[in-house]
Amino acid sequence: MKVLGERAAARPDRAASMVVHDEPNLRIVSFHLLPGQRIPPHRSASTVSVQVVRGTGTFRGAEDEAVLGPGEGAVFAPGETHAIEAADGPLEFLALIAPRPGG
């Protein structure tokens, strides 16, 4: 068993991220966004599942968007364009990417 205790620390200049687990079948990335910070639209060849740990943010997919808070999540299909933006407070979430990109 591996305990996932570390999380990304906030950065004033950009959204912060940190890989907390990495293996061929799964990559887990911790994100920390300050108010108004965003992750611009991008795609992954893998399925991306996000789970909010703290705060609130807008999660945009190819055809939908949702404001998600602690305990809520969403799944983006392989190849689906997605973007994330923090609301008026810090946003922390985990992204589970399966399989690992390039894996």
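Quick note: numbers below take in every heavy atom, side chains included, and nothing from hydrogens, waters or symmetry partners.
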Closest contact, heavy atoms only, [X] versus [Y]:
X	Y	result
Glu23	His21	OE1-NE2, 2.7 Å
Phe76	Gly61	CE2-CA, 3.7 Å
Ala16	Ala9	CB-O, 2.9 Å
Val20	Glu6	CG1-O, 3.2 Å
Pro78	Ala45	CB-O, 3.3 Å
Gly71	Gln51	O-NE2, 2.8 Å

In the single-linkage hydrophobic clustering (I, L, V, M, F, W, Y; side-chain heavy atoms under 4.5 Å), do [X] and [Y] co-cluster?
X	Y	value
Val29	Leu4	no
Ile28	Met18	yes
Ile97	Val75	no
Leu94	Leu33	no
Val50	Val67	no

Answer whether the closest heavy-atom distance between the side chains of [X] and [Y] falls below 4.5 Å.
X	Y	answer
Pro41	Arg60	no
His42	His82	yes
Pro90	Arg54	yes
Leu91	Ile84	yes

Output the distance between atom CG (Leu34) and atom CD (Glu92), rounded to the nearest 0.5 Å.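 These two atoms lie 9.5 Å from each other.
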
To the nearest 0.5 angstrom, please state how far the OG atom of Ser17 sits from the NE2 atom of His32.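 Between atom OG of Ser17 and atom NE2 of His32 there are 12.5 Å.
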
Crowded around Asp88 CG? As in, over 12 foreign heavy atoms under 6.0 Å? no

Do any N or O atoms from the side chain of Ser49 and from the backbone of Leu96 form a donor-acceptor pair under 3.5 angstrom? no

Using only atom types and a distance under 3.5 Å, with no angle test, would you say the side chain of Glu85 pairs donor to acceptor with the backbone of Arg38?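 Looks like no, no N/O pair under 3.5 Å.
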
Indicate the ring-plane relationship of Phe59 and Phe93, choosing parallel, tilted or perpendicular according to the 30° and 60° boundaries. perpendicular

